[in-house]
Amino acid sequence: MALLSLDNVSKSYGRKAVLNGVSLTFPVGLTLLVGPSGAGKSTLLRLLATAERPDHGAIAWDGAALPAARATLRATLGYAPQAVDLPEDLTAREFARHMASLKGLDLGTADAQFLGLADAVGLHADVNGRIASYSGGMRRRLVFVQALLGQPQLLALDEPTAELDGETARKLGALIVDRAREAVVVMTTHLSDELAPHAVQVLRVDGGQVLPA
Ligand SMILES: Nc1ncnc2c1ncn2[C@@H]1O[C@H](COP(=O)(O)OP(=O)(O)OP(=O)(O)O)[C@@H](O)[C@H]1O
């Protein structure tokens, strides 16, 4: 069943039509969004993550249309945007706790999950370090890990493995494939992505349209 769907969705910035009458369904499993730089992949992901609203058209989660269903969707959403302003003064673990509380998760369970995920992506030695001391790659992994807290039913990931070394990218890839067994996972990436064999669909965003790649 397609848990997430778009019907005739359009989005423009000023005069630039980024998405033009897009209709799509996202079943449980991994959907990869590919396409040239500036084509609208991140824009589409922001719409799915309710960070922006479409100008026209409808988005529905589990059969119920947004915006009425926004709270239901947000309660089970994990979102890792490409660029985030992280709270520099917090430790990674404090940040995870903050995100878990925003998501309404049990804090003890979320902390244990955070430590497990941090271990899986190679951040375990740094969980009590302040974010100010984190490198770009560590920040990307932290943003990825917070998105997975609470085992979201919709996971929206914007180039989560960009700028990571191959081994670390594979660690994230394993977690993504694992979550996609029971959740709708939508991820922007490059055409040559190693996760393509695990995807239920690969969609190309280009010229305002989103079509099977
Ligand atoms: N907030 C905004 N205000 C104005 N224009 C925007 C905004 N966000 C995106 N755009 C424009 O919309 C178009 C699509 O941008 P988007 O970031 O979605 O592309 P993308 O496919 O994700 O690109 P990339 O692969 O480089 O990340 C671009 O022309 C971009 O400049």
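All residue numbers refer to positions in the sequence shown, counting from 1. Read the numbers this way: they start at 1 and go in the same order the structure lists the ligands and their atoms.
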Task: Sub-4.0 Å heavy-atom approach of Pro36 to ligand 1 - done: yes
Task: Nearest-neighbour protein heavy atom for atom 27 (O) of ligand 1, which is reported as residue plus atom name and distance - done: Gln82 NE2, 3.6 Å
Open item on the list: Out of all atoms in ligand 1, which are within 4.0 Å of some heavy atom of Lys41? Include the element for each.
Closed with: 18 (O), 19 (O), 20 (P), 21 (O), 22 (O), 23 (O), 24 (P), 25 (O)
TODO: Heavy atoms only: give me the nearest Leu164-Ala169 pair and the separation to one decimal.
DONE: CB-N, 4.3 Å
- [ ] Identify the heavy atoms of Arg179 and Gln153 that sit nearest to each other, and give their distance.
- [x] NH1-NE2, 4.1 Å
Task: Side-chain ion pair, Asp111 and Arg93, N-O less than 4.0 Å - done: yes
Open item on the list: What protein heavy atom lies closest to atom 29 (O) of ligand 1? Include the residue and the distance to one decimal.
Closed with: Lys16 CE, 2.8 Å
Task: Residue, atom name and distance, where the atom is the protein heavy atom closest to atom 1 (N) of ligand 1 - done: Tyr13 CE2, 3.8 Å
Task: Closest approach of Asp126 to Ala92 (non-hydrogen atoms, all atoms of both residues) - done: O-CB, 4.3 Å
Open item on the list: Using a 4.0 Å cut-off to any heavy atom of Ala39, which atoms of ligand 1 qualify?
Closed with: 19 (O), 20 (P), 21 (O)
Task: Of the listed options Ser12, Ala17, Ser42, closest to atom 22 (O) of ligand 1 (non-hydrogen atoms) - done: Ser42
TODO: May I ask you to identify the nearest protein heavy atom to atom 26 (O) of ligand 1, giving residue, atom name and distance to one decimal place in Å?
DONE: Ser37 OG, 2.5 Å
TODO: May I ask you to check whether over 12 heavy atoms, not counting those of Arg74, lie within 6.0 Å of atom CZ?
DONE: yes
Task: Non-hydrogen protein atom less than 4.0 angstrom from atom 20 (P) of ligand 1 - done: yes
Open item on the list: Can you list everything that forms a side chain to side chain donor-acceptor pair (under 3.5 Å) with Asn20? Sequence neighbours excluded, please.
Closed with: none
TODO: Name the closest protein heavy atom to atom 18 (O) of ligand 1, giving the residue it belongs to and the distance to 0.1 Å.
DONE: Thr43 OG1, 2.6 Å
Open item on the list: Regarding Arg139 and Glu163, does a basic nitrogen lie under 4.0 Å from an acidic carboxylate oxygen?
Closed with: no
- [ ] Would you mind telling me if ligand 1 is within reach of the side chain of Arg46, the backbone, both or neither, using heavy atoms under 4.0 Å?
- [x] side chain
Task: Option set Leu44, Val18, Leu19, criterion heavy-atom distance to atom 12 (O) of ligand 1, minimum - done: Val18
Task: Glu52 with Lys11: basic N within carboxylate O range, under 4.0 Å - done: yes
Task: atom 28 (C) of ligand 1: the protein heavy-atom neighbour that sits closest, reported with distance to 0.1 Å - done: Gly38 O, 3.5 Å
Open item on the list: Whether the side chain of Ser10 engages the backbone of Gly21 through a donor-acceptor N/O pair (distance < 3.5 Å, no angle test) should be reported.
Closed with: yes
